[in-house]
Amino acid sequence: FFENSTRTRTTFEIAAKRLSADVINLNISTSSANKGETLLDTADNLAAMQADMFVVRHASSGAPYLIARHMAATGRDHIHVVNAGDGRHAHPTQGLLDMYTIRHYKKDFSQLTVAVVGDVLHSRVARSQIHALTTLGVPEVRVIAPKTLLPTGIERLGVRVFNDMREGLRGVDVVMMLRLQNERMQGALLPSTQEYFKSWGLTPEKLALAKPDAIVMHPGPMNRGVEIDSAVADGGQAVILPQVTFGIAVRMAVMAMLAGN
Ligand code: CP
């Protein structure tokens with residue numbers, strides 16, 4: 001993990017151990033990556049220790065793909081590479097565990113209205129969620145965000161865009177909140193986090209516009225009082241901690257399927 005993580009790193013580790021794998025958790029802050037070793041040299045050295053699988057989190061989009069391509073090009077395509085979140089690009093296992101969570105609570109994807117809310121521009125999670133939701137046939141996927149936090153052409157992914165949170169939340173079955181990613185922002189995209197919370201924070205009053213049995217999801221880590229009110233995060237409609245628990249089974253499934261090939 002070349003970037004901080006609590007949920008993904010820990011649930012991958014638990015999942016791998018439950019599958020009886022030996023797990024090496026490379027602490028990048030104390031590794032030789034910190035002395036100028038390249039990503040591919042680090043991967044080569046771990047491969048030389050007979051690693052069968054890499055689970056990679058990196059701040060740069062494409063890093064896990066670079067490792068996978070390098071392994072294949074050097075005759076080591078038996079080494080599997082799992083993307084655990086790369087830059088703004090994708091977080092595939094988060095997308096999978098989110099779909100598992102929706103299926104657990106809502107059973108059927110074919111009648112749902114799902115809203116993805118917040119900082120879509122910087123979110124790898126949003127991209128994987130939208131891809132999964134449209135693939136599974138969700139008839140209405142809404143994206144709710146200020147214009148400054150939306151990538152251009154997002155409609156081409158098959159979503160309906162709302163720039164008003166109250167309008168966008170009306171009648172939805174699932175609310176998928178996103179973290180405001182201050183660390184990825186360059187320039188002034190927002191007036192302040194207080195202003196953001198006023199317009200885009202999920203409060204009980206805004207959640208009341210969704211269906212009464214709507215569920216609230218968040219990939220974590222949450223910024224309480226920025227994108228979500230504590231009364232919602234800790235409320236009866238939140239399924240945020242079950243998402244984390246389901247992540248173990250989903251990551252076990254991903255690794256077992258790869259190791260079985
Ligand atoms: N959802 C998620 O990726 O959380 P972490 O950054 O803690 O792994």
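In this chain, residues are counted from 1 in sequence order. Counting starts at 1 for both ligands and their atoms, following the listed order.
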Report the nearest protein non-hydrogen atom to [atom]: residue, atom name, distance rounded to 0.1 Å.
atom	result
atom 2 (C) of ligand 1	Thr8 OG1, 3.4 Å
atom 4 (O) of ligand 1	Arg7 NE, 3.1 Å
atom 1 (N) of ligand 1	Pro219 O, 2.8 Å
atom 6 (O) of ligand 1	Arg57 NH1, 3.1 Å

Numbering the atoms of ligand 1 from 1, which are under 4.0 Å from a heavy atom of [X]?
X	value
Thr6	5 (P), 7 (O), 8 (O)
Gln94	1 (N), 2 (C)
Gly220	1 (N), 2 (C), 4 (O)

>> Could you report the tightest heavy-atom contact between Ile67 and Phe54, atom names first, then the distance?
In response: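 Smallest interatomic distance, heavy atoms only, reads CG2-CD1, 4.0 Å.
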
> Any luck finding a side-chain donor-acceptor pair between Glu37 and Thr42 under 3.5 Å?
Replying inline: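 Yes, a side-chain donor-acceptor pair sits under 3.5 Å.
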
> Charged N to carboxylate O below 4.0 Å: is that the case for Arg170 and Asp164?
Replying inline: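 Judged by the 4.0 Å cut-off on N to carboxylate O distance, Arg170 and Asp164 do not form a salt bridge.
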
> Are Arg57 and Phe1 in a cation-pi contact, defined as NZ or CZ under 6.0 Å from the six-membered ring centre and within 45° of the axis?
Replying inline: no

>> I'd like to know if Glu3 contacts ligand 1, where contact means a heavy-atom distance under 4.0 Å to any ligand atom.
In response: no

>> Among Leu121, Val143, Val159, exactly one meets side-chain contact (heavy atoms from CB on, under 4.5 Å) together with Leu150. Which residue is that?
In response: Val143

>> Using a 3.5 Å distance criterion without hydrogens, assess whether the side chain of Thr38 forms a donor-acceptor pair with backbone atoms of Asp41.
In response: yes

